[in-house]
Amino acid sequence: DDSYPLYNATECPFVEQGFNCLGNGREDKDYLRWRWKPMDCVIPRPDVQSILGMLRGKRVVFVGDSMSRTQWESLICLLMTGVEDKKSVYEVNGNKITKRIRFLGVRFSSFNFTVEFFRSVFLVQPGGMPRHAPKRVKSTLKLDKLDNISSHWVNSDVLIFNTGQWWVPGK
C-alpha cells in the first residue's frame, strides 16, 4: 500500500532501539508498505486527529508481553504524528523505552490522556513448586490470582490484554 507507512519509526522517541529497523541499517523498505487486509473487510486508514480527540481525558492500558509492548509503541508513534508539540508527549517517569522495565506510561499532555504498558506475560501470579512435582515441571501458576500489579490496571478506560503465545504446550 503506497499510502504507508503510517509513521516514521526513526523519528519516534518511543521505539525501542532494537525494533528500529531503519535506524539499525535495514536497507530494504518494502516491508514499510505492508498493510493487514482481512478477507471481505475494508479497514480504513486511521484518522489520527479523530483518535486523539476520542482519547482525550482517557487512560489506555496494554498488559502483556513484548508483543504487547511493541503494539503499545506503535500506537504511541502513530498518535504522535497528530501532535504538534512533540515535547508535550513524554514517558511519565522519564524512563527510556526498554524491555527491562515492567511499567511504562506515555502522557499526551495536550490531550490529557496516557497510554500505559504493564509487563505481565501470564496475567496471573506465579506459584510455588508442588512438593513431589516431576522434574519436567519448572514452574506453576495460580490461575485464580491475578498478577500482583493488576491493581494498577483498575480504572483504565481501555484495557488491552495479550498473553496468547505463553499458553502453548510445553510452558
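Any value given below was found using the heavy atoms of this structure, including those in side chains, with hydrogens, waters and symmetry copies removed.
In this structure, the separation between CD on Gln71 and CD1 on Ile160 is 8.0 Å, given to the nearest 0.5 Å. Separation of atoms OG (Ser3) and CZ (Arg33) is listed at 9.0 Å; rounding is to 0.5 Å. For the atom pair NZ of Lys58 and CZ of Phe113, the computed distance is 11.5 Å after rounding to the nearest 0.5 Å. Going from atom NZ of Lys87 over to atom OG of Ser110 covers 14.0 Å, rounded to the nearest 0.5 Å. Separating the NE2 atom in His152 from the CD atom in Glu116 is a distance of 10.0 Å, to the nearest 0.5 Å. Between the CG atom of Leu78 and the OH atom of Tyr7 there is a distance of 7.5 Å, given to the nearest 0.5 Å.
Aromatic ring centroids of Phe62 and Phe117 lie 6.0 Å or more apart. The ring of Trp153 has its center closer than 6.0 angstrom to the ring center of Phe161.
Pairing each heavy atom of Gly105 with each of Trp72, the nearest pair is N-CZ2, 4.3 Å. Taking all atoms of both residues into account, the shortest heavy-atom contact from Ser68 to Val63 is OG-O, 3.5 Å. Minimum heavy-atom separation, Cys21 to Tyr31: CB-OH, 3.0 Å. Here the shortest heavy-atom pairing between Ser109 and Ser88 reads OG-O, 2.8 Å. In plain terms, the two heavy atoms of Ile43 and Arg35 that are nearest each other are O-NH1, 4.2 Å.
Ion pairing of Asp28 with Arg26 is present here, as a side-chain N (NZ or NE/NH1/NH2) and a carboxylate O approach within less than 4.0 Å. With respect to the salt-bridge test (charged N to carboxylate O, under 4.0 angstrom), the residues Asp147 and Arg102 qualify. A salt bridge does not link Arg119 to Asp65: none of the charged nitrogens lies less than 4.0 Å from a carboxylate oxygen.
Asp1 places none of its side-chain heavy atoms less than 4.5 Å from the side chain of Lys37. Side chains of Leu32 and Trp34 form no contact here, defined as non-hydrogen atoms less than 4.5 Å apart. Side-chain contact between Met80 and Pro13: present, with at least one pair of heavy atoms (C-beta onward) separated by less than 4.5 Å.
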Should Thr10 and Asn20 be marked as a side-chain contact (heavy atoms from CB on, under 4.5 Å) after you check the CA-CA gap, both sets of side-chain angles, and the distance that decides it?
CA-CA 6 Å; Thr10 60; Asn20 184 351; 3.2 Å; yes
Test side-chain contact (heavy atoms from CB on, under 4.5 Å) applied to Leu22 and Glu27, step by step:
CA-CA 7 Å; Leu22 293 176; Glu27 293 176 8; over 6 Å; no
Evaluate Phe108 against Leu55 for side-chain contact (heavy atoms from CB on, under 4.5 Å), listing each step before the verdict.
CA-CA 10 Å; Phe108 285 74; Leu55 292 177; over 6 Å; no
Where do Val60 and Asp157 land on the side-chain contact (heavy atoms from CB on, under 4.5 Å) test, with the steps shown first?
CA-CA 6 Å; Val60 178; Asp157 295 292; over 6 Å; no
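Summarising the local packing, NZ of Lys96 is surrounded by 12 or fewer heavy atoms from other residues, nucleotides or ligands at distances under 6.0 Å. Summarising the local packing, NZ of Lys29 is surrounded by 12 or fewer heavy atoms from other residues, nucleotides or ligands at distances under 6.0 Å.
By the rule that hydrophobic residues join a cluster once side-chain heavy atoms approach within less than 4.5 Å of another member, Val92 and Phe118 end up as members of one cluster. Under the 4.5 Å side-chain contact rule for hydrophobic residues, Val106 and Val48 share a cluster. Note on Val115 and Ile51: same hydrophobic cluster, where clusters join Ile, Leu, Val, Met, Phe, Trp and Tyr whose side-chain heavy atoms are under 4.5 Å apart, directly or indirectly. In the hydrophobic clustering of ILVMFWY residues, with side-chain heavy atoms under 4.5 Å counting as a link, Phe14 and Leu52 come out together. Linking Ile, Leu, Val, Met, Phe, Trp and Tyr whenever their side-chain heavy atoms come within less than 4.5 Å puts Val83 and Met54 in one cluster.
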Cut-off 3.5 Å, no hydrogens considered: what does the side-chain donor-acceptor table look like for residues 123-136, sequence neighbours left out?
unit_1, atom_1, unit_2, atom_2, d
Gln125, NE2, Leu146, O, 3.1

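Side chain of Glu73 to backbone of Val15: no donor-acceptor contact under 3.5 angstrom is found. Glu16 contributes no side-chain N or O that, together with a main-chain N or O of Gly18, makes up a donor-acceptor pair within less than 3.5 Å.
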